[in-house]
Amino acid sequence: MTKTDLSRFQNEDYKPGSVLKRMSWYLVNRLFLNTSILYPAVFKVFILRFFGAKIGTGIVLKPNISIKYPWFLEIGNHVWIGERVWIDNLSHVSIADHCCLSQGALLLTGNHDYKKTSFDLTTREIHLEEGVWIGAKCVVGPGVRCRSHSVLSVGSFTSKDLDAYGIYQGNPAIKIRNRQIR
């Protein structure tokens with residue numbers, strides 16, 4: 001049987017930005033976003049925009065947020081991002097207007113090709129359409145599109161697209177009912 005050989009791992013094709021840019025962001029992220037210090041959201045938005053994020057208005061950014069690369073991030077208007085949210089965006093992540101990412105949610109755009117001995121890195125974009133709610137401690141995997149007003153309930157995981165107005169639960173998440181907004 002063939003085995004995984006991590007000594008053969010090559011990541012040279014993946015170029016998310018210069019070393020200086022990534023190191024600068026890592027330091028700024030740690031000091032101003034991934035911290036318990038209560039900096040105003042307007043200040044955090046300014047920093048994210050400075051590093052290339054496209055961000056709308058009315059954003060709520062709670063403490064201890066981690067964003068891998070803001071230059072791969074697009075956030076609409078009136079988006080809430082809760083404590084300890086991790087946007088591990090090795091590729092593009094778009095979050096449309098009126099979305100909510102609750103405490104401890106993880107958006108994960110990267111993975112490894114377990115079928116290759118070299119365990120190559122793979123990345124795929126994530127798109128959250130208008131009104132999506134990602135519950136606390138949820139994981140959204142690479143390549144997922146959460147359609148308009150879908151809900152991923154607390155502690156759930158999805159690697160598949162979510163239907164508009166669907167409520168999903170579990171690991172793997174399955175649709176349990178339709179969302180009705182009054």
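What you see below is based on every heavy atom in this structure, not just the backbone, and it leaves out hydrogens, waters and symmetry mates. For reference, positions follow the sequence shown, starting with 1.
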Q) Should we say atom NZ of Lys160 is surrounded by more than 12 heavy atoms from elsewhere, each under 6.0 Å from it? A) no
Q) Would a distance-only check, ignoring hydrogens and angles, find a side-chain to backbone donor-acceptor pair under 3.5 Å from Arg30 to Asn34? A) yes
Q. Quick one: do Asp163 and Arg147 make a salt bridge, cutoff under 4.0 Å?
A. no
Q: Answer whether the closest heavy-atom distance between the side chains of Ser102 and Trp133 falls below 4.5 Å.
A: yes
Q. Under 6.0 Å from the CH2 atom of Trp71, do we count more than 12 heavy atoms belonging to anything else shown?
A. yes
Q | Between Thr117 and Arg8: side-chain donor-acceptor atoms closer than 3.5 Å | A | yes
Q) Is any side-chain heavy atom of Ser156 less than 4.5 Å from a side-chain heavy atom of Thr158? A) no
(Q) Restricting to non-hydrogen atoms, name the atom on Pro142 and the atom on Gly110 that form the minimum distance, rounded to 0.1 Å. (A) CG-O, 3.7 Å
Q) Got a second to check how far Ile87's CD1 is from Ile67's CD1, nearest 0.5 Å? A) 4.5 Å
Q. So how far is it from Ile55 CD1 to Leu48 CG, rounded to the nearest 0.5 Å?
A. 4.0 Å
Q: Keeping the roles fixed (side chain from Trp80, backbone from His98), state whether a donor-acceptor pair exists under 3.5 Å.
A: no
Q | Check: Gly166 main-chain N/O paired with Ser150 side-chain donor or acceptor under 3.5 Å | A | no
**Q.** CG on Leu73 to OG on Ser91, rounded to 0.5 Å
**A.** 11.5 Å
Q: Establish whether Phe50 and Ile81 are linked, either directly or via other cluster members, by ILVMFWY side-chain heavy-atom contacts under 4.5 Å.
A: yes
Q | is_close_aromatic(Phe72, His92), centroid dist under 6.0 Å | A | no
Q: Would you please indicate yes or no on a ring centroid separation below 6.0 angstrom for Phe32 and Phe43?
A: yes
Q | Close side-chain approach of Ile59 to Ile75, heavy-atom, < 4.5 Å | A | yes
Q: Answer with yes or no whether the hydrophobic clustering places Ile167 together with Leu128; edges join I, L, V, M, F, W, Y residues whose side-chain heavy atoms lie under 4.5 Å apart.
A: no
Q.
Whether the side chain of Asn89 engages the backbone of Lys68 through a donor-acceptor N/O pair (distance < 3.5 Å, no angle test) should be reported.
A. yes
Q.
Check this for me: Tyr39, atom OH, are more than 12 non-hydrogen atoms of other residues, nucleotides or ligands nearer than 6.0 Å?
A. yes
(Q) Please give me the minimum heavy-atom distance between Gly82 and Ile65, naming the atom from each residue. (A) O-CG1, 3.7 Å
Q: Answer yes or no: is there a donor N or O on one side and an acceptor on the other, between the side chain of Glu129 and the main chain of Ser148, under 3.5 Å?
A: yes
Q. Between Thr109 and Asp88, is a side-chain hydrogen bond (donor to acceptor under 3.5 Å, both in side chains) present by the stated rule, with each step listed?
A. CA-CA 6 Å; Thr109 62; Asp88 193 25; 6.0 Å; no
Q | Hydrophobic cluster membership, Leu152 vs Val79, 4.5 Å side-chain cutoff | A | yes
Q | Result of checking Tyr69, Trp25, Phe46 against Phe51 for ring-ring contact (aromatic ring centres under 6.0 Å, His included) | A | Trp25
Q: State, yes or no, whether a side-chain contact exists between Ile37 and Pro63 at a heavy-atom distance under 4.5 Å.
A: no
Q: Return yes when atom CG of Asp13 has more than 12 non-hydrogen atoms of other residues, nucleotides or ligands closer than 6.0 Å, and no otherwise.
A: no
**Q.** Joint hydrophobic cluster, Trp86 plus Ile126, side-chain heavy atoms closer than 4.5 Å
**A.** no
**Q.** Under 3.5 Å: donor-acceptor pair, side chain of Asp97, backbone of Glu130
**A.** no
Q. Which heavy atom of Arg145 sits nearest a heavy atom of Asp161, and at what distance?
A. N-OD1, 2.9 Å
Q) From Lys62 NZ over to Asn64 CG, what is the distance, rounded to the nearest 0.5 angstrom? A) 12.0 Å
(Q) If you compare all heavy atoms of Asn29 against all heavy atoms of Ser66, which two are closest, and at what distance to 0.1 Å? (A) ND2-OG, 3.6 Å
Q: State the NE2-SG distance between His78 and Cys100, to the nearest 0.5 angstrom.
A: 14.5 Å
**Q.** Heavy-atom closest contact (Leu121 atom, Asn111 atom, distance)
**A.** CD1-O, 3.4 Å
Q | N/O donor-acceptor pair under 3.5 Å between Ser153 side chain and Tyr168 backbone | A | yes
(Q) Please determine whether side-chain contact (heavy atoms from CB on, under 4.5 Å) holds for the pair Leu106 and Val140, giving the CA-CA distance in whole Å, both sets of side-chain angles, and the decisive distance to 0.1 Å. (A) CA-CA 6 Å; Leu106 168 60; Val140 177; over 6 Å; no
Q: Kindly say whether Leu61 contributes a backbone atom to a donor-acceptor pair with the side chain of Lys44 at under 3.5 angstrom?
A: yes
Q.
Tell me the closest heavy-atom pair linking Ala105 and Gly135, and the distance in Å.
A. CB-O, 3.9 Å
(Q) Rounded at 0.5 Å granularity, tell me how far CG in Asn77 sits from SG in Cys99. (A) 11.0 Å
(Q) Checking His127 against Glu125: is there a side-chain donor and acceptor pair closer than 3.5 Å? (A) yes
Q: Determine whether more than 12 heavy atoms belonging to other residues, nucleotides or ligands lie under 6.0 Å from atom OH of Tyr14.
A: yes
Q) Any chance CZ of Phe9 has more than 12 other-residue heavy atoms, nucleotides or ligands included, within less than 6.0 Å? A) yes
(Q) Other residues, nucleotides and ligands only: do more than 12 of their heavy atoms fall within 6.0 Å of CZ on Arg179? (A) yes
Q. Side-chain heavy atoms under 4.5 angstrom apart, residues restricted to Ile, Leu, Val, Met, Phe, Trp, Tyr: same cluster for Val132 and Leu101?
A. yes
